[in-house]
Amino acid sequence: MQSSQHQLAVWDVFVRVFHWFLLVAVAVSFYTTKTSGAPFLFPVDVHAQAGYIIIGLLVFRTIWGVVGASYARFSTFLYGPKVTAAYAKALLQRRAPHYASHNPLGGWMVVLLLASLGFQAISGLFMSDDIFFQGPLYGLFGREFSREIASLHALNSDLLLILIALHMLGVVVHTLLGEGIVPAMLTGTKRFSSLPVDISASHHGSRKRYALGALLIAAGICGWLWFYPY
């Protein structure tokens, strides 16, 4: 049976654009803190702006995960502990079934990544380096709170790196098992040797109006943060 026998449009354009924009924003964010930040003249400003973009992207993805296309919805790829444990066992035995959307382990990894990224970006709004940068919400709950949140911001940065590494490992594993995850995130189409178990998910029809609304909300929040009068 040819691996390309079954082709299925899975990732809509909004999910794909979100994914790659988020990748760039996260890379810039880490680059401006883990290196000298060259060639940026003011790396701390670029770091903050990358964080604002991440917040906007996460707002969009959260809304789209509720009202968006079928395979983008959280309800489609979040499974209970029994299903997740059974999938993990089958994966270790190299008998894991194919999923059109995220598999049970991948779905929960998505949630962990989004939660960690969300905390990282939002906590940065309360921080200040007392020289070049002051977040829009700095001092809202007092300077002591801002100092505590700065410590958590640093700890979560390390956690986020671990989650990203695990995510990349998962991509490699599933690529070796014959699932073209990276090409699918570029083209939106997955190819299967057998029909995925979640093939019955409905497509919910066109969601362009919902996408436009989500984009406007996300852009409004991102714009307010970007142009906030410090």
Side-chain angles (χ1 to χ4, degrees), residues 15 17-68 72-75 78 81 106-168 213-230:
V15 169
V17 171
F18 159 81
H19 178 273
W20 296 114
F21 270 66
L22 184 65
L23 174 63
V24 172
V26 170
V28 170
S29 180
F30 273 108
Y31 175 78
T32 50
T33 56
K34 304 298 184 181
T35 71
S36 63
F40 302 116
L41 294 178
F42 302 102
V44 66
D45 289 338
V46 175
H47 179 80
Q49 290 159 358
Y52 303 154
I53 292 173
I54 289 172
I55 290 176
L57 289 170
L58 293 179
V59 168
F60 171 80
R61 186 63 182 92
T62 300
I63 298 173
W64 196 239
V66 176
V67 303
R73 292 191 173 204
F74 299 124
S75 59
L78 292 183
W108 287 110
M109 175 56 71
V110 168
V111 171
L112 288 174
L113 277 169
L114 294 182
S116 183
L117 281 169
F119 176 82
Q120 194 70 4
I122 292 173
S123 62
L125 302 179
F126 295 89
M127 293 170 54
S128 172
D129 64 1
D130 296 322
I131 303 175
F132 299 109
F133 172 75
Q134 181 174 302
L137 303 182
Y138 176 72
L140 180 63
F141 300 113
R143 292 190 176 184
E144 184 60 32
F145 174 84
S146 294
R147 282 192 289 268
E148 291 295 330
I149 208 72
S151 298
L152 295 175
H153 186 86
L155 289 173
N156 187 65
S157 175
D158 295 332
L159 172 62
L160 188 52
L161 285 173
I162 294 172
L163 292 175
I164 291 173
L166 290 174
H167 174 64
M168 295 177 65
L215 286 170
L216 289 174
I217 293 172
I221 293 174
C222 183
W224 176 80
L225 293 170
W226 194 293
F227 298 106
Y228 182 84
Y230 298 109

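As the structure is a computational prediction, the values presented were derived from the model and not from experiment. All residue numbers refer to positions in the sequence shown, counting from 1.
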Least distance between heavy atoms, [X] atom then [Y] atom:
X    : Y    : value
L163 : M109 : O-SD, 3.9 Å
G56  : C222 : CA-CB, 4.2 Å
Y138 : M127 : CD1-C, 3.8 Å
V59  : A218 : CG1-CA, 4.1 Å
L225 : P136 : CD2-CG, 4.0 Å
L78  : G107 : CD2-O, 3.6 Å

Could you check whether any side-chain heavy atom of [X] comes within less than 4.5 Å of a side-chain heavy atom of [Y], counting everything from C-beta outward?
X    : Y    : answer
F30  : L161 : yes
I221 : Y52  : no
S157 : K34  : yes
L58  : I122 : no

Separation between [atom1] of [X] and [atom2] of [Y], rounded to the nearest 0.5 Å:
X    : Y    : atom1 : atom2 : value
I164 : L112 : CD1   : CG    : 12.5 Å
F18  : F60  : CZ    : CZ    : 8.5 Å
D45  : W226 : CG    : CH2   : 10.0 Å
S128 : L137 : OG    : CG    : 12.5 Å
Q120 : L155 : CD    : CG    : 9.5 Å

Requested in this report: Keeping the roles fixed (side chain from R61, backbone from H19), state whether a donor-acceptor pair exists under 3.5 Å.
Outcome: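 Not confirmed, R61 side chain does not pair with H19 backbone.
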Query raised in the report: Just by modelled atom types, is the F126 backbone N or O under 3.5 Å from a matching donor or acceptor in the S146 side chain?
Result: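 Confirmed, S146 side chain pairs with F126 backbone.
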Query raised in the report: For L22 and L117, what are the C-alpha separation, side-chain angles and deciding distance, and is it a side-chain contact (heavy atoms from CB on, under 4.5 Å)?
Result: CA-CA 10 Å; L22 184 65; L117 281 169; 3.8 Å; yes
Query raised in the report: Is it true that the side chains of S123 and H153 contain a donor and an acceptor less than 3.5 Å apart?
Result: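 Yes, because at least one side-chain N or O of S123 sits under 3.5 Å from a partner of the opposite role on H153.
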Query - Sequence neighbours excluded - salt bridge (Lys or Arg N to Asp or Glu O under 4.0 Å) pairs with any residue from residues 141-151 - result: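 Checked against salt bridge (Lys or Arg N to Asp or Glu O under 4.0 Å) - neighbours excluded - the pairs reaching residues 141-151 are E144-R147.
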**Report entry** Worked verdict on I149 versus F119 for side-chain contact (heavy atoms from CB on, under 4.5 Å)
**Finding:** CA-CA 10 Å; I149 208 72; F119 176 82; 4.1 Å; yes
Query - Whether F141 and F145 hold their rings parallel, tilted or perpendicular, with breakpoints at 30° and 60° - result: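 F141 vs F145 ring planes: perpendicular.
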Report task. Using a cut-off of 6.0 Å, state whether more than 12 heavy atoms not belonging to F21 lie near its atom CZ. Result ->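 No, the 6.0 Å shell around CZ holds no more than 12 heavy atoms from other groups.
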**Report entry** Verdict with reasoning, L114 to F74, per side-chain contact (heavy atoms from CB on, under 4.5 Å)
**Finding:** CA-CA 12 Å; L114 294 182; F74 299 124; 4.1 Å; yes
Requested in this report: In sequence, state the C-alpha distance, the side-chain angles, and the governing distance for L113 and L160, and then conclude on side-chain contact (heavy atoms from CB on, under 4.5 Å).
Outcome: CA-CA 7 Å; L113 277 169; L160 188 52; 4.2 Å; yes
